[in-house]
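Following: one structure in structure tokens, then a few remarks.
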There are 2 protein chains.
Amino acid sequence: MMSAANTKPRNDLLAAVPYQIEAGLKKLGANLKTARLRRNLTTEAVAMKIGTSRFVVSDAEKGKPSTSIAAYAALLWTYGLIDQLSELANPLTDEVGTTLALSHERSRARRSRKLNNDF
Amino acid sequence: MMSAANTKPRNDLLAAVPYQIEAGLKKLGANLKTARLRRNLTTEAVAMKIGTSRFVVSDAEKGKPSTSIAAYAALLWTYGLIDQLSELANPLTDEVGTTLALSHERSRARRSRKLNNDF
DNA sequence: CTGCTATGTTAGCTCAAGCTAACAATAAAG
DNA sequence: CTTTATTGTTAGCTTGAGCTAACATAGCAG
């Protein structure tokens, strides 16, 4: 009786995806669906090409958060848009990062004694 | 003896990720790592913020294909870069798609009798 | 240089992602 | 309108993604 009550998911991230992330993924999925339809391809045809099932393609087009990035990336690749993926978080266009980088450029994060909880 | 020989993975996509996809994911992972370090955050701090373990953060920074897109998206979100995600495959900047779309704009793909194997 | 700590690595375990199969719903072709 | 095929949905099953824990490695602060 007590056992079933304690049903805390092991993965907190997937258990409660922040709204902005959910919204972003849904838009991405919609974009992928539009890209497929414009090329007049079926989910099954695309699935075969990338070596998966049509359900995974469908999941990605719905923006399902738990689907592997490989699925999303494979769709981008199929539509000739793979280059856009590696532009995400590009250091050259990451303004916040670029500004911050001018001072320190490390290979590990580090506590500098005090000011740590800023952010 | 025959049983073990037939070890075909269930997921063909993850079993053999195309090179371009692998390369793109690795670059993305490197970008995410750079973004984190510029902000002087530890993998553990970021992991806590997004509700996962530091190993998942590490996996994403390595560009692991089987990691959920939620993990990648959460990192982008943490660094204030989530908007870039929904710009992927944006129909407005998908040249190939835009050109093709001028003729048909469907909600399902369709075989038009013959010419199907083009692409 | 020296200690502190961030990160890498490994092993074992658990649960859900992704698979198959069957059926329903529905958009497009003619 | 009728036919056909694409897409949605569900259920059950299997494998691997992600977790914990412990230890090793190696940057950074001082």
Side-chain angles (χ1 to χ4, degrees), chain A residues 3-4 6-17 29-30 32-34 36-37 39-48 50-72 74 103-116, chain B residues 3-4 6-17 25 29-30 32-34 36-37 39-48 50-72 74-75 103-116:
Chain A
S3 57
N6 193 5
T7 313
K8 190 197 170 200
R10 309 220 305 140
N11 189 328
D12 289 342
L13 173 57
L14 292 178
V17 181
L32 289 171
K33 182 164 190 169
T34 301
R36 175 176 62 80
L37 289 171
R39 288 161 178 80
N40 195 35
L41 298 168
T42 66
T43 56
E44 194 156 22
V46 171
M48 272 190 50
I50 67 180
T52 187
S53 70
R54 69 186 173 98
F55 302 100
V56 173
V57 174
S58 171
D59 285 342
E61 291 185 351
K62 284 180 200 147
K64 192 177 170 193
S66 57
T67 295
S68 75
I69 198 168
Y72 287 85
S103 41
H104 46 64
E105 194 82 72
R106 287 192 272 273
S107 67
R108 282 191 184 188
R110 196 74 189 183
R111 267 212 297 237
S112 56
R113 207 163 25 174
K114 285 197 173 183
L115 25 89
N116 192 27
Chain B
S3 56
N6 192 7
T7 313
K8 189 197 170 198
R10 307 219 307 140
N11 191 326
D12 289 342
L13 173 56
L14 292 176
V17 180
L25 288 176
L32 289 172
K33 182 164 191 170
T34 301
R36 175 176 62 81
L37 290 172
R39 289 162 178 79
N40 197 35
L41 299 167
T42 66
T43 56
E44 194 155 23
V46 171
M48 273 189 50
I50 67 179
T52 188
S53 70
R54 69 185 174 99
F55 302 101
V56 172
V57 175
S58 172
D59 284 342
E61 291 185 350
K62 283 179 200 148
K64 192 178 169 192
S66 57
T67 295
S68 76
I69 196 167
Y72 287 86
L75 292 178
S103 42
H104 47 60
E105 194 81 73
R106 286 192 273 272
S107 66
R108 281 191 185 189
R110 195 74 191 184
R111 266 211 301 235
S112 57
R113 208 164 23 176
K114 284 198 172 180
L115 25 88
N116 194 27

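Small disclaimer: the values here were computed from a predicted structure and weren't measured. Each chain gets a letter, A, B and so on, in the order its sequence line appears, and its residues count up from 1.
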Name every donor-acceptor pair, under 3.5 Å, that has one atom in a side chain of residues 55-63 of chain A and the other anywhere in the protein, sequence neighbours excluded.
residue : atom : partner : partner atom : Å
A:Glu61 : OE1  : A:Arg36 : NH2          : 3.2
A:Glu61 : OE2  : A:Arg36 : NE           : 2.7

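Residue B:Leu37 contributes atom CG, which lies 9 Å from atom P of D:dC28 at whole-angstrom precision. Rounded to whole Å, atom C1' of C:dC19 lies 16 Å from atom CE of A:Met48.
In terms of position on DNA chain D, the residue among A:Leu14 and A:Arg36 whose nearest nucleotide sits closer to the 5' end is A:Arg36. For the pair B:Ser107 and B:Val56, nearest-nucleotide mapping onto DNA chain D gives the more 5' position to B:Ser107.
Rounding to the nearest 0.5 Å gives a distance of 12.0 Å between CE of B:Met48 and OG1 of B:Thr43. With rounding to the nearest 0.5 Å, the separation of CG in A:Asp12 from CD1 in B:Ile50 is 10.5 Å. The distance from atom CG of A:Leu37 to atom CZ of B:Arg110, rounded to the nearest 0.5 Å, is 13.0 Å.
If you check residues 57-68 of chain B against DNA chain C, the residues with a heavy atom closer than 4.0 Å are B:Ser58, listed by number.
Nearest heavy atom pair, residue A:Asn40 against residue B:Arg106, reads OD1-NH2, 2.9 Å. Pairing each heavy atom of A:Leu14 with each of A:Val17, the nearest pair is O-CG2, 4.0 Å.
Across its full length, the helix from C:dC1-D:dG30 to C:dG30-D:dC1 shows an angle of 90° between the axes of its 5 terminal pairs at either end, rounded to 10 degrees.
A donor N or O paired with an acceptor N or O is found under 3.5 Å between the base of D:dG8 and the side-chain atoms of A:Arg54.
Ranking C:dC19, D:dT7, C:dT7 by closeness to the B:Thr43 side chain, first place goes to C:dT7.
Residues satisfying the salt bridge (Lys or Arg N to Asp or Glu O under 4.0 Å) test with A:Lys33, not counting sequence neighbours, are none.
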Pick out the pairs of N or O atoms, protein on one side and nucleotides 2-5 of chain D on the other, that lie under 3.5 Å.
residue : atom : partner  : partner atom : Å
D:dT4   : O2   : B:Arg110 : NH2          : 3.1

Below 3.5 Å between N/O atoms, which protein atoms pair up with nucleotides 10-12 of chain C? Just atom names and distances, please.
none

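For D:dT20, neither phosphate oxygen OP1 nor OP2 lies less than 4.0 angstrom from any side-chain nitrogen or oxygen of B:Ser53.
For the pair B:Ser68/A:Thr67, no side-chain contact is recorded, criterion being any heavy-atom separation below 4.5 Å from C-beta on.
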